[in-house]
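I have placed the structure first, in the form of structure tokens, so that the comments after it can refer back to it.
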Amino acid sequence: PIQAAAIMLPILLVMDAVSVYLYRREWSREHMRIILPAGVLGTAIGCATFSLLDEHSLRVILGVISIGFVAQSWISKLPPDPTPRFAKGFFWGTISGVTSFIAHSGGPPLYVYLLPLRLPKAVHVGTTVIFFAVVNALKIVPYFSLGMIDLTNMVTAAALLLVIPIGIVLGIWIQRKLSTRWFFRVAYTLLLV
């Protein structure tokens, strides 16, 4: 898991750079003011507690969060409310920073906050992209200091970089083709999976 995280970081950074450029005008500043400082805090907590946290336990916790959130959203059927909620956003942004640092799996906690807002598709994606671009950039120095990034991991990452353009183009095409209703259905389904 540690080697996989180290290999993924350069790949994520390249994806982030391209995605930030593509979504640079489509993101929510109101929500970013809440989740980004929380993500920075969560990244610091993840770095400080890295050796104490068990990745397998983290996977179980993320699975419970994801399944519980999707089940709750199916049961409650609350109408979308795009109003920024500081406590909820800060909590889930912090958890996202921690889980992102440890296993690049910050998506589920962040989506617990973002998905119910039902932001426009591009704004939802752009907000997510910019959040993780900053969080991933913050991981560079700690990953080096923890000895996670070495020549073997960088060579493996470089080989995998070749498929990034395909994934980005496919993702943008899917986001543009799906209706808003299907976009969120797919998002919730993928979160459940």
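- Counting heavy atoms from C-beta outward, L192 and I67 have side chains that approach closer than 4.5 Å.
- Note that NZ of K121 is 14.0 Å distant from CZ of R181, once rounded to the nearest 0.5 Å.
- Within the structure, side-chain hydrogen bond (donor to acceptor under 3.5 Å, both in side chains) pairs that include any residue of residues 25-38 comprise S28-E30, H31-Y113 (at least two apart or interchain).
- Considering CZ of F90 and CG of L36, their distance stands at 10.5 Å, rounded to 0.5 Å.
- Between I95 and V112 the shortest side-chain heavy-atom distance does not fall below 4.5 Å.
- Side-chain contact between I35 and W92 is absent, with no heavy atoms from C-beta onward closer than 4.5 Å.
- No single ILVMFWY cluster, assembled from side-chain heavy atoms under 4.5 Å apart, contains both L115 and V64.
- The shortest distance between side-chain heavy atoms of S96 and F132 falls below 4.5 Å.
- Residues L22 and I168 are in side-chain contact: their nearest non-hydrogen atoms beyond the backbone lie under 4.5 Å apart.
- Under the 4.5 Å side-chain criterion, counting only non-hydrogen atoms from C-beta, Y23 is not in contact with T128.
- The CZ atom of F184 lies 6.0 Å from the NE2 atom of H124; values are rounded to the nearest 0.5 Å.
- Within the 3.5 Å criterion, the main-chain N or O of P142 finds a donor-acceptor partner in the side chain of S145.
- Ring pair Y111/Y188: centre-to-centre distance not below 6.0 Å.
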request  = Could you check I140 against L13 for side-chain contact (heavy atoms from CB on, under 4.5 Å), going step by step and ending with a plain yes or no?
outcome  = CA-CA 9 Å; I140 297 170; L13 291 169; 3.7 Å; yes
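- Residues Y21 and L161 are members of one and the same hydrophobic cluster, defined by side-chain heavy-atom contacts under 4.5 angstrom among Ile, Leu, Val, Met, Phe, Trp and Tyr.
- With hydrogens and angles ignored, the 3.5 Å screen pairs a side-chain donor or acceptor of S179 with a backbone N or O of W182.
- Interatomic distance, CG of L62 versus CG of L191, reported as 9.5 Å (0.5 Å rounding).
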Stepwise side-chain contact (heavy atoms from CB on, under 4.5 Å) check, L160 with I7 = CA-CA 9 Å; L160 295 171; I7 290 169; 4.0 Å; yes
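- With hydrogens and angles disregarded, a donor-acceptor distance shorter than 3.5 Å links the side chain of H104 to the backbone of A5.
- By the criterion of side-chain heavy atoms lying less than 4.5 angstrom apart, applied directly or through intervening Ile, Leu, Val, Met, Phe, Trp or Tyr residues, M8 is not grouped with L162; the two fall into different hydrophobic clusters.
- Closest non-hydrogen pair, N153 versus I149, comes out as ND2-CA, 4.5 Å.
- With values rounded to the nearest 0.5 angstrom, N136 atom CG is found 8.5 Å from T43 atom OG1.
- L41 and V141 fall into different hydrophobic clusters, where Ile, Leu, Val, Met, Phe, Trp and Tyr are joined by side-chain heavy atoms under 4.5 Å apart, directly or via other members.
- Rounded to the nearest 0.5 angstrom, L138 CG and Y143 OH are separated by 11.5 Å.
- Using a 4.5 Å heavy-atom threshold, the side chains of L114 and F131 count as separate.
- Annotation: side chain of R85 is not in contact with side chain of P116 (no heavy-atom distance under 4.5 Å).
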